[in-house]
Amino acid sequence: MKNKEVAEVLRHIAALLEIKGDNPFRVRAYQRAAQNIEALTVDVEELARAGKLERIPGIGKDLAQKIKEIISTGTCQKYEDLKREVPPELINLLSIPGVGPKTAKLLYEKLGIKSIEELERACLEHRVSRLPGIRSKTEENILRGIQLLKQHVGRRPLGEILPLAEALVEMLRRQAPVDRIDVAGSIRRRRETVKDIDILVTSRNPARIMEVFVSLPLVGEIIARGETKTSVRLKEGIQVDLRAVDPACYGAALAYFTGSKAHNIRIRELGVQRGLKINEYGIFRGDERVGGREEEEVFAAVDLPWIPPELREDRGEIEAAQAGQLPRLVNYDEIKGDFHVHSLFSDGTASVEEIGAKARQLGLKWVGICDHSQGLRVAGGLTPKDIAAKKAAIQAFNRHSKDVKLLFGTEVDILSDGRLDYPDDLLREFELVIASIHSGFRQDEATLTGRILAAIENPLVHIVGHPTGRLIGERDPYPLDLKTIFSAAQKAGVALEINAYYKRLDLNDVNTRAAKEAGVLLAIGTDAHSLEQMNFLSLGVAVARRGWCEPQNILNTFSYRQLKEWLKKKVS
DNA sequence: GCCGTTTTCGGCCCGACTGTTTTCAGTCG
């Protein structure tokens, strides 16, 4: 049983307890346990077998027992009992914005409502507004929430939203009396998907900022408007929260609104232990504000060094910071190249020369031109005779380019029987070989794992591309035994890709961290099929940082010379 | 349900905004 499935059961228990009106701290305990299990870089089953479950923060005797039960039976007695008390379908109601556990319980007890469809009907028939504590306004809000849910305005890929957030900041900067301004929230942490855009500002005239904000042409509707906090929904669907704070508490507010929620709770608890109250208005001892202008002060108040936003998930960063063992994360400006770009020779839209020029503009030193192999006909895969022309084009570019070098590469298909789509003699021609799966996603775990292992064991393969095949919001990762793959890749000196295309981000953050811990090298590639998509490289760096990677874990920090050495050594 | 340089019991992060309310509960982040 996978970590995710165990976490799911615990989360359901938390939701049912919440609806039931159980002790909120017990609810939080289940939620925290679920989160921490999901963030594990080892199998929870393994920890259970070794009797080490209680080493996971937030898991004591009781939860350890329940987790063992869940692993062996797929469920636990407590969950089954709860499901008899509270209909599990009610959990779906909680996904409606504006509907929480109390409302869900009320709807079920008074009207017998269990599904979103039933709730929508009841609202349209105005049966909901007759309930105690609910009037027409709330009924309208619930209906609107259901509409939003239907439009799939849930979590959106970071790559779609980040440019929008940056544009909003630019507009506010230009049109309003802004002093400091930052995007906070999950965007600042660079989570792979985001639910809303959080923007924080300081200004001598916050009222004016709010005024400018709500009248921006991008804004569709105003959800809430206060003096310090305004929420709107953009016409394109995403919610934006704007908060104005005093300069004296900007750092505290930035830390607070960056989150994550779980990270903040831990920081505040550390504050309480030291007799401090930490909130978005600063750091307080009694009624006296003792800091908060800069973010560093918040961490310093609880005896911690500043923690990079990408790590703030309560996945062990606080313990690492306490022990002085935070990783020295790879920086965005240490990235010297992109491993994975498609050209006109296969299904890309840019020529070799254009890719080289774009790389120069991005400040890169090298780019791997890795087109598809022959089997992938739909993607214009290269037959052996196209390959010579491509090689010539790359050599021509490199002859006259001193600062940017292109690598003659391929993204060779791993066929459904585990063979590669080019024979070894042909593969030997390339400077850089990425092997990827593009078909047979429905095979079982053993078969898929075997295909990747076969590629790893071929000494001509440098990198395994988008290892899990997932597409955010579209396709789940196919089943793989990643632990075995990591260990094989480490032994063979094969790198695994962090594919930076905004819908892939594959490996993801948690898997990247597990790979790093297994001693696997990681290679960031944009998988760009156009010049614009080469901009996504920073999303891949974000994944690396969220995966606790240091420069030495990331091959993209290599200079061209170092990289050539590595590529050669690999083949020896 | 967890957890301990305040502790093995009694705490557990903190505030904004909305709607339905005359003082607050619910939701959200």
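Here is how names work: the chains are called A, B, and so on, in the same order as the sequence lines, proteins then strands, and each is numbered from 1.
Backbone-only engagement by A/Arg225 is indicated by non-hydrogen atom pairs under 4.0 Å involving sugar-phosphate atoms exclusively. A/Gln65 comes within 4.0 angstrom of nothing in the nucleic acid, heavy atoms only. Note on A/Ile278: only backbone sugar-phosphate atoms sit closer than 4.0 angstrom, heavy atoms only; bases stay farther off. A/Thr228 comes within 4.0 angstrom of sugar-phosphate atoms only, judged by non-hydrogen atoms across all strands, and of no base.
Scanning for side chain to side chain contact (heavy atoms under 4.5 Å, CB included) contacts around A/Glu54 gives A/Lys61, A/Ala64, with sequence neighbours left out. Considering only residues two or more places apart in sequence or on other chains, A/Arg173 meets the side chain to side chain contact (heavy atoms under 4.5 Å, CB included) condition with A/Val169, A/Glu170, A/Ile181.
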Which nucleotides of nucleotides 20-29 of chain B have their base under 4.0 Å from a protein heavy atom (B), which only their sugar-phosphate (S), and which neither (-), written as one string 5' to 3'? SS----SSSB
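For the contact set between residues 309-319 of chain A and DNA chain B, defined by any heavy atom under 4.0 Å, there are no members.
No hydrogens or angles considered: a donor-acceptor pair under 3.5 Å links the side chains of A/Glu80 and A/Thr75.
Checking B/dT8 for Watson-Crick or G-U wobble geometry (two distances, each under 3.5 Å) identifies no partner in any strand.
Note on residues 137-149 of chain A: pairs passing salt bridge (Lys or Arg N to Asp or Glu O under 4.0 Å), not counting sequence neighbours, are A/Arg144-A/Glu221. The salt bridge (Lys or Arg N to Asp or Glu O under 4.0 Å) analysis of residues 296-306 of chain A, with sequence neighbours excluded, yields the pairs A/Arg274-A/Asp303.
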